[in-house]
Amino acid sequence: SMKLATQAEGCVADDRTGLLYVAEEDVGIWRFAADPAAPVAGTKVAAVDGRTLVADAEGLALAPRGRSGGFLVVSSQGDSKYTLYRLPDVTFAGYFRIGGGPIDATSETDGIELALGDFGPDYPAGLFVAQDGDNAPDTQNFKYVSWAEVLKTLKQR
């Protein structure tokens, strides 16, 4: 059993490294050993700082690369962006937003997911999915984004 001082939100396990990442709404991102026999103390690896990560820290997703590299993606709900951290050391790598298009932008995102692979011509490197929490006057919905486009955005920063 693991416990945080305040509201825990999204979590994601990295099967390659045996680590569990957990978002604590107003505090940041914690890393725990996922092994049930391991100590239950976590390590804060990223803080809600009002710039790179704005409260509430919500959904988490992984883009693994190699044995321990890749990205941890965090829904930064307070400013409607998605913050990326490089693994394994969890250093800030950049962020992106899902802007308006034929439908609309995302805002107040809780949950996210990322699947790497070739999902056809629109998603050749993977598919990022984000819940759009404020879609008034309609109901909440989900937006799909090409992971290749996200990576292009990072290279431009």
Side-chain angles (χ1 to χ4, degrees), residues 1-98 105-117 119 123 125-135 139-151 153-154 157:
S1 177
M2 300 167 188
K3 187 170 181 149
L4 297 173
T6 64
Q7 181 69 38
E9 286 291 342
C11 65
V12 65
D14 189 338
D15 293 332
R16 303 166 307 156
T17 61
L19 297 172
L20 174 70
Y21 296 92
V22 180
E24 185 177 7
E25 264 194 349
D26 297 330
V27 177
I29 309 303
W30 294 85
R31 180 174 52 207
F32 295 89
D35 185 336
V40 296
T43 302
K44 186 163 69 168
V45 294
V48 167
D49 60 8
R51 292 182 330 272
T52 57
L53 187 57
V54 179
D56 296 341
E58 294 282 340
L60 301 178
L62 284 175
R65 180 180 287 161
R67 291 181 184 234
S68 62
F71 294 101
L72 173 66
V73 186
V74 181
S75 171
S76 180
Q77 191 179 60
D79 58 358
S80 299
K81 68 184 177 191
Y82 307 92
T83 304
L84 287 89
Y85 296 95
R86 287 191 200 292
L87 296 174
D89 52 350
V90 193
T91 56
F92 176 71
Y95 64 86
F96 67 97
R97 288 184 182 1
I98 299 175
T106 58
S107 58
E108 299 182 18
T109 296
D110 286 319
I112 59 176
E113 184 56 277
L114 174 60
L116 300 181
F119 294 91
Y123 310 100
L127 174 63
F128 178 79
V129 181
Q131 176 259 354
D132 185 3
D134 183 9
N135 200 41
T139 60
Q140 299 178 23
N141 61 19
F142 296 89
K143 303 298 192 300
Y144 301 154
V145 175
S146 167
W147 185 244
E149 291 299 316
V150 171
L151 294 177
T153 299
L154 281 181
R157 293 191 186 278

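- A distance of 12.0 Å separates CZ in Arg97 from OG1 in Thr153, rounded to the nearest 0.5 Å.
- Enclosure of atom CZ in Phe92 by more than 12 non-hydrogen atoms of other residues, nucleotides or ligands within 6.0 angstrom is indicated.
- Across all their heavy atoms, Ala38 and Ala33 have their closest contact at CB-CB, 3.5 Å.
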Decide yes or no on side chain to side chain contact (heavy atoms under 4.5 Å, CB included) for Val27 and Val48, but give the supporting numbers first.
CA-CA 5 Å; Val27 177; Val48 167; 5.6 Å; no
In residues 10-23, what donor-acceptor pairs under 3.5 Å come from side-chain atoms, sequence neighbours left out?
| unit_1 | atom_1 | unit_2 | atom_2 | d |
| --- | --- | --- | --- | --- |
| Asp14 | OD1 | Arg16 | N | 3.1 |
| Asp14 | OD1 | Arg16 | NE | 2.9 |
| Asp14 | OD2 | Arg16 | NH2 | 2.7 |
| Arg16 | NH1 | Arg65 | O | 3.2 |
| Arg16 | NH1 | Gly66 | O | 3.0 |
| Arg16 | NH1 | Gly69 | O | 2.9 |
| Arg16 | NH2 | Gly69 | O | 3.1 |

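- Within the 3.5 Å criterion, the main-chain N or O of Gln131 finds a donor-acceptor partner in the side chain of Thr109.
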Does the side chain to side chain contact (heavy atoms under 4.5 Å, CB included) test come out yes or no for Leu72 and Leu62, once each step is laid out?
CA-CA 5 Å; Leu72 173 66; Leu62 284 175; 3.9 Å; yes
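- The list of salt bridge (Lys or Arg N to Asp or Glu O under 4.0 Å) pairs with a residue in residues 72-96, not counting sequence neighbours, reads Asp79-Lys81.
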Between Val74 and Leu53, is a side chain to side chain contact (heavy atoms under 4.5 Å, CB included) present by the stated rule, with each step listed?
CA-CA 8 Å; Val74 181; Leu53 187 57; 3.7 Å; yes
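- We find the OH-CG distance between Tyr95 and Leu154 to be 11.0 Å, quoted to the nearest 0.5 Å.
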Decide yes or no on side chain to side chain contact (heavy atoms under 4.5 Å, CB included) for Ile98 and Asp132, but give the supporting numbers first.
CA-CA 10 Å; Ile98 299 175; Asp132 185 3; over 6 Å; no
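- For residues 51-62, the set of pairs meeting the salt bridge (Lys or Arg N to Asp or Glu O under 4.0 Å) definition, not counting sequence neighbours, comprises Asp49-Arg51.
- Looking at Val90 and Ile29, their side chains never come closer than 4.5 Å, going by heavy atoms from C-beta outward.
- Trp147 approaches Ala63 most closely through the heavy-atom pair CZ2-CB, 3.5 Å.
- Contacts classified as salt bridge (Lys or Arg N to Asp or Glu O under 4.0 Å) and involving residues 23-33 (residues at least two apart or in different chains) are not found.
- Applying the ring-ring contact (aromatic ring centres under 6.0 Å, His included) definition to pairs two or more places apart or across chains, none involves residues 33-52.
- The stretch residues 54-91 participates, sequence neighbours left out, in these ring-ring contact (aromatic ring centres under 6.0 Å, His included) pairs: Tyr82-Phe96, Tyr82-Phe128.
- Contact between Ala61 and Ile112 at its shortest, heavy atoms only, is N-CD1, 3.9 Å.
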